[in-house]
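Since the structure comes first, as structure tokens, the remarks are kept for the end.
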Amino acid sequence: MLSLAVASSAAAIAQTPVYLDKTKPIEDRVEDALSRMTLEEKVKMCHAQGKFSSPGVPRLGIPEIWMSDGPHGVRAEINWNDWGYSNWKNDSITAFPALTALAATWNPEMSAIYGKSVGEEARFRNKNVLLGPGVNIYRTPLNGRNFEYMGEDPYLAGEMVVPYIQELQKNGVAACVKHFALNNQEKWRGNVNVVLSDRALYEIYLPAFKKAVQEGKAWSIMGAYNQIWNQHCCHNDRLLNKILRDEWGFDGVVITDWGGAHDTKESALNGLDIEMGSFTNGLTSESEFTFDDYYLGKPYLEMLKNGEVPDSTVDAKARNILRLIFRTAMNSDKPFGSIASPEHYAAAKQIGDEAIVLLKNSGILPLDPAKYRNILVVGENAVRPLNEGGGSSELKVKDMFSPLDAIKAVYGDGVKYAAGYRTGRAMYEKEDTIPQAVLDSLRNEAVAMAKGMDAVIYIGGLNKNGFQDCEASDRREYNLPWGQDLIIEQLAEANPNLIVANVSGNAYAMPWIDKVPAVLQSWYLGTMIGPSMADVISGAVNPSGKLPFSFPRRLEDNGAHYFGEKSYPGIELETEGGNAASDLAGADVNVGKNPQQEYLEDILVGYRWHDTKNIPALFPFGHGLSYTNFEYGIPSLSAKEMTADGSITLSVPVSNIGRKAGKEVVQVYIADEKSSLPRPAKELKEFRKVELAPGQTKVVKFTITPDALKFFDDKAHDWVAEPGKFKVLVGSSSADIRATEQFTYK
């Protein structure tokens with residue numbers, strides 16, 4: 001009987017289809033499954049079957065794909081075919097810090113912890129694709145979605161995104177890196193046509209995506225809503241076929257943003273794999289059509305049957321989708337995952353601790369709990385649930401520890417609270433109107449309470465209401481809204497011990513900066529926002545965050561705004577005909593009447609603009625103070641010459657000369673002294689976060705290769721390092737250069 005059983009088992013194994021045999025190479029499995037599929041089954045896989053799901057092949061036992069927003073937490077369950085929440089009782093999660101905060105840590109180790117943790121939560125929720133992270137470049141401080149991205153520098157964003165992807169995907173959950181590409185504003189995002197040079201494209205806006213693909217090995221990419229070269233990004237031949245597939249070798253799935261497809265033939269031919277959310281605005285509106293009516297549904301099937309597009313197009317799409325399914329839904333080696341665990345709360349706290357940036361300190365911080373007992377906390381963000389609103393980043397959290405509660409836990413019963421202002425409900429497409437009399441009353445109350453207190457902690461900034469840090473709309477102004485500038489100025493007059501600890505995902509004007517002794521820049525830190533803020537304010541945590549983007553003094557000092565509306569937000573063009581997206585103008589805030597925008601600042605984005613044009617920022621890229629002091633020693637280079645196949649080692653001694661343990665981010669910039677094409681004054685090429693005890697010195701080493709010297713030559717369509725002299729600038733920010741060395745490239 002035993003031998004018969006063994007023989008029977010062996011026969012069963014021999015008959016197992018290749019696509020179900022996980023011991024076989026994945027490409028063999030893909031080809032075997034593809035050979036068994038009908039044309040109708042292949043087409044079916046190419047479009048949604050629900051709000052966040054696309055089909056598998058039930059006949060073959062190939063499961064569907066389940067997707068979820070978003071990059072800093074797994075979104076609550078959405079109904080099958082509308083934007084309403086399903087009201088499950090078991091979908092509360094951990095809110096991790098927004099990606100702007102992650103970038104502010106300048107610590108790839110935090111990115112790895114982040115990716116691992118959010119991946120475990122996505123796995124527990126049985127998600128196959130997590131729609132994030134985002135690496136669009138911070139071009140303007142008015143972009144409502146900047147809080148989801150990783151700052152203004154392509155090198156920083158690229159270094160931070162790779163560990164996130166790698167650790168996330170170890171959970172059998174695909175990263176879907178977004179929004180590819182040039183989705184750098186929300187106004188008119190549905191159809192704005194971006195005009196820019198190839199140099200800007202390759203040097204600024206593509207490198208982080210390229211690293212996500214080639215080093216992070218991302219399994220999926222989300223197309224952007226906007227157009228480039230007068231073609232929508234979700235079915236853009238040059239972007240998806242020539243760059244993503246041909247130049248970078250991407251073997252994953254391209255997924256539309258919800259409502260990002262506009263044409264069947266372009267979707268068929270130009271590299272799109274899965275079409276999601278068509279005929280909606282991706283946020284609130286509903287489609288009148290069935291899923292089979294999508295561009296890659298019945299219209300695509302008919303084009304295939306009529307020979308208008310080749311069968312090879314659907315085979316390529318099905319291959320990519322099958323590969324994704326085998327990596328995720330059919331991966332039997334996935335860990336179980338976990339949700340809202342103590343480990344995830346600890347991870348969120350650790351990331352938040354390293355993300356908060358100390359912008360200014362005249363000595364009042366850290367605020368000693370033994371000395372300061374009667375404290376007034378002012379500002380709606382001290383109590384507001386900042387996980388609400390913002391668009392697709394909205395989260396249903398299990399716990400949210402507010403700054404006010406955390407400050408009370410540290411400083412005791414002497415802590416009082418005043419709102420100072422009010423903003424209304426979190427809504428995407430409209431706003432509550434707060435009567436001016438109410439705002440005046442709240443401000444006057446807070447100012448009166450501030451008098452006589454030991455200290456005042458102001459926690460305002462932005463929130464995730466429409467026209468603030470929110471998907472689908474950009475900010476209307478650079479100043480803080482709801483009269484906050486006046487509140488801060490009057491609080492400073494009422495009490496000299498004022499600490500401004502604002503929360504935002506964007507830079508903002510600070511007309512009161514000379515009147516306040518201390519400013520902390522916090523972010524949307526999620527579940528553990530309160531404990532992180534309280535610990536940094538009290539000194540239990542020494543701040544070590546650095547700005548991932550510049551804070552201009554005025555909006556006009558930003559490169560995108562320097563050239564006027566032609567550069568931002570663009571100009572609506574009067575043309576005949578129009579297109580599917582522009583025809584919606586007036587009905588949807590996401591689209592305009594054939595808007596076009598030129599990136600006139602070109603490669604000079606962020607600190608590159610400020611430094612090259614000699615327009616100092618209020619707070620520069622890479623800036624962040626500490627409660628201790630760091631001293632940089634004299635750097636040394638292993639050689640004074642570099643060849644095309646060589647490298648140079650840079651050694652930088654860094655000492656903690658203060659009384660507290662702390663972390664410093666050593667930043668290395670490269671400057672080309674003479675170039676055939678214009679180049680920025682300097683460019684970030686390396687960084688390292690180092691922890692030092694009081695009195696301790698460490699030598700931080702960097703390897704500089706010819707790749708760090710290259711610029712993109714758009715005429716040759718190649719990266720070029722020209723012979724000549726280069727400077728190595730070592731600093732604590734882009735504007736705080738502590739030492740300079742020089743070498744020659746031959």
Side-chain angles (χ1 to χ4, degrees), residues 108 153-163 165-166 197-218 242-251 603 608 633-654 665-690 698-731 734 737 739-746:
D153 183 76
Y155 181 79
L156 174 63
E159 290 296 294
M160 294 300 293
V161 77
V162 168
I165 295 168
Q166 292 172 336
S197 71
D198 272 10
R199 279 199 71 194
L201 180 72
Y202 276 84
E203 290 191 19
I204 304 297
Y205 297 102
L206 291 186
F209 285 105
K210 184 178 181 181
K211 278 192 176 181
V213 168
Q214 295 189 332
E215 296 181 28
K217 306 295 182 184
K242 295 180 174 61
I243 295 175
L244 182 63
R245 301 281 186 195
D246 296 345
E247 292 185 16
W248 298 353
F250 179 64
D251 70 352
I603 59 172
R608 289 169 167 82
I634 299 174
S636 62
L637 295 173
S638 60
K640 292 293 186 179
E641 293 184 352
M642 183 195 298
T643 59
D645 58 353
S647 63
I648 292 177
T649 300
L650 168 68
S651 300
V652 183
V654 182
V665 179
V666 182
Q667 302 164 40
V668 177
Y669 298 83
I670 297 291
D672 190 347
E673 295 195 27
K674 185 178 181 181
S675 173
S676 61
L677 293 178
R679 301 194 69 175
K682 55 180 170 290
E683 300 170 88
L684 180 73
K685 294 298 180 181
E686 292 276 358
F687 64 87
R688 192 79 41 77
K689 197 164 196 175
V690 56
K698 289 184 180 179
V699 177
V700 186
K701 295 188 176 183
F702 303 91
T703 300
I704 302 173
T705 69
D707 282 346
L709 315 181
K710 293 179 179 178
F711 63 88
F712 188 79
D713 186 332
D714 50 352
K715 291 183 179 179
H717 195 76
D718 198 9
W719 288 89
V720 175
E722 294 179 333
K725 294 181 179 180
F726 289 83
K727 287 181 180 178
V728 181
L729 303 102
V730 181
S734 61
I737 301 302
T740 303
E741 286 290 319
Q742 188 182 67
F743 67 91
T744 301
Y745 177 69
K746 292 188 174 183

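Along the sequence shown, the residues carry numbers beginning at 1. Owing to the predicted nature of the structure, the values given are computational and were not obtained by experimental measurement.
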Residues Pro635 and Val652: closest non-hydrogen pair is CB-CG2, 4.1 Å
Going by atom type alone, with no hydrogens or angles, which donor-acceptor pairs under 3.5 Å involve a side-chain atom of residues 642-650 and a protein atom two or more places apart or on another chain?
| from | atom 1 | to | atom 2 | distance (Å) |
| --- | --- | --- | --- | --- |
| Thr643 | OG1 | Asp645 | OD1 | 2.8 |

Q | Student check: side-chain heavy atoms of Lys210 and Phe250 closer than 4.5 Å | A | no
Separation between CZ (Phe711) and CG (Leu677), nearest 0.5 Å, reads 4.5 Å
OG1 of Thr744 to CD of Glu673, rounded to nearest 0.5 Å, is 8.5 Å
Next item on the list: Ignoring hydrogens and angles, tell me if any N or O in the side chain of Lys725 forms a donor-acceptor pair with the backbone of Gln742 under 3.5 Å.
Entry: no
Any heavy-atom pair between the side chains of Lys211 and Glu159 that's under 4.5 Å? yes
Could you check whether any side-chain heavy atom of Val668 comes within less than 4.5 Å of a side-chain heavy atom of Leu684, counting everything from C-beta outward?
no
Trp248 vs Leu206, side chain to side chain contact (heavy atoms under 4.5 Å, CB included): CA-CA, chis, key distance, verdict
CA-CA 11 Å; Trp248 298 353; Leu206 291 186; 3.9 Å; yes
- Message: Any non-hydrogen side-chain atom of Ser197 less than 4.5 Å from a side-chain atom of Glu203?
- Response: no
Residues at least two apart in sequence or cross-chain that pass side chain to side chain donor-acceptor pair (under 3.5 Å) with Lys674, listed by chain then number, are none
Taking every heavy atom of Ile634 against every heavy atom of Pro653, the minimum-distance pair comes out as O-CD, 3.5 Å
query = Is the closest side-chain heavy-atom distance between Lys682 and Ile737 below 4.5 Å?
reply = yes
Sorted by chain and number, sequence neighbours left out, ring pair (Phe, Tyr, Trp, His ring centres under 6.0 Å) with Tyr202 holds for Phe712, His717
Sorted by chain and number, sequence neighbours left out, ring pair (Phe, Tyr, Trp, His ring centres under 6.0 Å) with Tyr205 holds for Tyr599
One should read off an interatomic distance between Lys710 NZ and Trp719 CH2, to the nearest 0.5 angstrom, of 9.0 Å
Any Lys689 side-chain heavy atom under 4.5 Å of Val665 side chain: yes
d(Asp713 CG, Asp198 CG) to nearest 0.5 Å is 10.5 Å
>> Within a 6.0 Å radius of atom NZ on Lys727, are there more than 12 heavy atoms belonging to other residues, nucleotides or ligands?
In response: no
Closest non-hydrogen atoms of Ala639 and Phe743, given as atom of the first, atom of the second and distance, are O-CB, 4.4 Å
Correct closest heavy-atom pair for Gly158 and Ala208 would be N-CB, 3.8 Å
Review point. What is the ring orientation for Tyr745 with Phe726, classed by angle as parallel under 30°, tilted 30 to 60°, or perpendicular over 60°?
Key: perpendicular
Taking every heavy atom of Ala721 against every heavy atom of Pro706, the minimum-distance pair comes out as CB-O, 4.0 Å
Sorted by chain and residue number, the salt bridge (charged side-chain N to carboxylate O under 4.0 Å, His left out) partners of Lys640 (sequence neighbours excluded) come out as Glu741
| task | Determine yes or no for a side-chain-to-main-chain donor-acceptor pair under 3.5 angstrom, with Arg608 supplying the side chain and Glu683 the backbone. | result | no
When every non-hydrogen atom of Glu722 is compared with those of Val720, the smallest separation belongs to CG-CG1, 3.8 Å
Contact check, side chains of Leu709 and Ile670, non-hydrogen atoms, under 4.5 Å: yes
The salt bridge (charged side-chain N to carboxylate O under 4.0 Å, His left out) partners of Asp718 (sequence neighbours excluded) come to none
query: Any side-chain heavy atom of Lys701 sitting closer than 4.5 Å to one from Ser651?
result: yes
